[in-house]
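Heads up, the thing below is written out as structure tokens.
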Amino acid sequence: MPFPFHPAADDPVPTAVRGFARAHADLVELREDPIHLVARHRAPGRRTGLVSGGGSGHEPLHAGFLGRGMLDAVAPGPVFTSPHNKAVLHASRAAAGPEGVIHVVKNYTGDRINFGIAAERLRMEGIDVRRVLVDDDLATDGLDTATGRRGTGATVVVEKILGAAADTGAGLEELATLGAEVAAASRSLAVASRAQTSARTGEPAFALDGELDYGVGIHGERARASIPRPPTEDLVERMLDEILAGLPEGGDDCVLVVNGMGGTALLELYVLAELASAGLASRGIDRAGLLVGTFVPALDMAGFSLTLTRMQPSWKDHWAAPVETAAWVRGTEETR
């Protein structure tokens, strides 16, 4: 059974976070008790700090986007579990600028609770804070749940655009409004052909028997239905149709994110990127940006997600602005 290469202790996260900080010591600073990460560099004109975080197992989210042009601090939690509010509090104190701090929060109950508690304590200390909630997952749209759509691949788009805007000196309210608009203009959908490996058993967390879990979650949440596996071209077309139908009305410029779920080869992701790009072009959708890689995985799940963000003209410069983080591929994102 292919057990993960974890340390002898039950929780691999502290060791992994220290390893990440050691590998990228030029970009990030590790702070402990509680464990969190802080960017070493930020634009001189940045007046508002950007903080995010969440459960581990989704690397490079969020620590991989820590640095100039994106996030100022990150609070990592245990695998698939929200960070403690104390870690969020300390990360926010470290990141806060003269205007305060923005929390970028994926829409899960634990994240909302712990970031909310930290925000209350920050306000008691005189630090202003606003929350940007990312809720892009179409698989949970319309379900009778208290939380609504989950936060998934669009988190990267929100963090990129907000980071660039913060570097221009945008204030707290402007960034909060911008983040909410970007999140509202984004939708995602994920599929899996194999579940993530259980650290306890060394086996897939659930069985699919040759089918696809259509609408799987980034914590390994099962979809509402498994489907017979169609040809890849047909699968991408079906996903594009559903995502575009779920997007709010707007222009015809979209950023496309093709995201691996952890066990999908880059060769496959580029195939998917080409098919999705062609599918958008055939529908008259202009691609304002393309991001391909593993950015928000579910450990080693075999699968992928597609994210579309309907772009406004004023956001395009933010998307193309240079960044200096561990996980962003180029200094300036290609937009042609």
[X]: what forms a ring pair (Phe, Tyr, Trp, His ring centres under 6.0 Å) with it, not counting sequence neighbours?
{"X": "His84", "value": "none"}
{"X": "Phe304", "value": "none"}
{"X": "Phe20", "value": "His24"}

His41 and Glu324: side-chain donor and acceptor closer than 3.5 Å? no

Side chains of Glu159 and Ser52: donor-acceptor distance under 3.5 Å anywhere? yes

The side chain to side chain donor-acceptor pair (under 3.5 Å) partner of Ser186 among Thr309, Asp137, Thr307 is Thr309

List for me each residue that meets side-chain contact (heavy atoms from CB on, under 4.5 Å) alongside Ile227, sequence neighbours excluded, and say none if there are none. Leu212, Tyr214, Pro230, Arg238

Can you confirm whether [X] sits close enough to [Y] that some side-chain heavy atom of one is under 4.5 Å from a side-chain heavy atom of the other?
{"X": "Thr177", "Y": "Leu175", "result": "no"}
{"X": "Arg150", "Y": "Asn107", "result": "no"}
{"X": "Val257", "Y": "Val157", "result": "yes"}
{"X": "Arg310", "Y": "Glu249", "result": "no"}
{"X": "Val51", "Y": "Ile102", "result": "no"}
{"X": "Leu37", "Y": "Leu30", "result": "yes"}
{"X": "Met261", "Y": "Leu299", "result": "no"}
{"X": "Leu138", "Y": "Ile243", "result": "yes"}

Could you tell me whether [X] atom [atom1] has more than 12 heavy atoms of other residues or ligands within 6.0 Å of it?
{"X": "Asp317", "atom1": "CG", "value": "no"}
{"X": "Arg131", "atom1": "CZ", "value": "yes"}
{"X": "Asp26", "atom1": "CG", "value": "yes"}

Give the C-alpha distance, both sets of side-chain angles, the deciding distance and a yes or no for side chain to side chain contact (heavy atoms under 4.5 Å, CB included) between Leu122 and His103. CA-CA 11 Å; Leu122 289 165; His103 286 167; 3.8 Å; yes

Carboxylate-amine/guanidinium proximity below 4.0 Å for [X] and [Y]:
{"X": "Arg130", "Y": "Glu173", "result": "yes"}
{"X": "Arg31", "Y": "Glu29", "result": "yes"}
{"X": "Arg46", "Y": "Asp167", "result": "yes"}
{"X": "Arg283", "Y": "Glu237", "result": "yes"}

Test side chain to side chain donor-acceptor pair (under 3.5 Å) applied to His219 - qualifying residues, sequence neighbours left out: His58, Glu221

Sorted by chain and number, sequence neighbours left out, side chain to side chain donor-acceptor pair (under 3.5 Å) with Arg194 holds for none

Smallest separation among heavy atoms of [X] and [Y], with atom names:
{"X": "Gly171", "Y": "Thr48", "value": "C-OG1, 3.6 Å"}
{"X": "Ala192", "Y": "Leu208", "value": "O-CD1, 3.4 Å"}
{"X": "Ser193", "Y": "Arg229", "value": "CB-NH1, 3.7 Å"}
{"X": "Gly215", "Y": "Ala223", "value": "C-CB, 3.6 Å"}
{"X": "Ile127", "Y": "Gly100", "value": "CG2-CA, 4.3 Å"}
{"X": "Pro297", "Y": "Glu59", "value": "CG-O, 3.0 Å"}

Below 30° counts as parallel, above 60° as perpendicular, anything between as tilted: where do the rings of Phe65 and Trp328 land? perpendicular

Applying salt bridge (Lys or Arg N to Asp or Glu O under 4.0 Å), run through Arg187 and Glu242 and close with a yes or a no. CA-CA 9 Å; Arg187 296 292 185 271; Glu242 292 193 25; over 6 Å; no

Look up atom [atom1] in [X] and atom [atom2] in [Y], then write down how far apart they are to the nearest 0.5 Å.
{"X": "Leu89", "Y": "Glu120", "atom1": "CG", "atom2": "CD", "answer": "11.5 Å"}
{"X": "Leu61", "Y": "Thr294", "atom1": "CG", "atom2": "OG1", "answer": "12.0 Å"}
{"X": "Asn259", "Y": "Leu269", "atom1": "CG", "atom2": "CG", "answer": "8.0 Å"}
{"X": "Ser277", "Y": "Arg287", "atom1": "OG", "atom2": "CZ", "answer": "4.5 Å"}
{"X": "Leu27", "Y": "Arg68", "atom1": "CG", "atom2": "CZ", "answer": "10.0 Å"}
{"X": "Asp213", "Y": "Glu211", "atom1": "CG", "atom2": "CD", "answer": "9.0 Å"}

Under 3.5 Å, side chain of [X] to main-chain N/O of [Y], donor-acceptor pair present?
{"X": "His62", "Y": "Gly53", "result": "yes"}
{"X": "Lys106", "Y": "Leu133", "result": "no"}
{"X": "Asp135", "Y": "Gly151", "result": "no"}
{"X": "Asn85", "Y": "Gly116", "result": "no"}
{"X": "Thr264", "Y": "Gly260", "result": "no"}
{"X": "Arg40", "Y": "Ala25", "result": "yes"}
{"X": "Asp300", "Y": "Gln196", "result": "no"}
{"X": "Arg121", "Y": "Ile117", "result": "no"}
{"X": "Asp253", "Y": "Ala288", "result": "no"}
{"X": "Asp72", "Y": "Leu50", "result": "yes"}

Would you sort out whether Ile218 and Tyr108 count as a side chain to side chain contact (heavy atoms under 4.5 Å, CB included), showing the intermediate values? CA-CA 11 Å; Ile218 62 171; Tyr108 297 96; 3.3 Å; yes

Apply side chain to side chain contact (heavy atoms under 4.5 Å, CB included) to Arg123 and Val129, showing your working. CA-CA 7 Å; Arg123 294 186 184 105; Val129 57; 3.4 Å; yes

Identify whether Leu308 and Met239 are in the same connected component of the hydrophobic contact network (ILVMFWY, side-chain heavy atoms under 4.5 Å). yes

Co-membership, hydrophobic cluster, residues Val191 and Leu256, 4.5 Å side-chain: yes

Validate the cation-pi geometry between Arg222 and Phe206: distance from NZ or CZ to the six-membered ring centre under 6.0 Å, angle to the ring axis within 45°. yes

Could you check Leu178 against Leu162 for side chain to side chain contact (heavy atoms under 4.5 Å, CB included), going step by step and ending with a plain yes or no? CA-CA 7 Å; Leu178 174 61; Leu162 279 185; 4.0 Å; yes

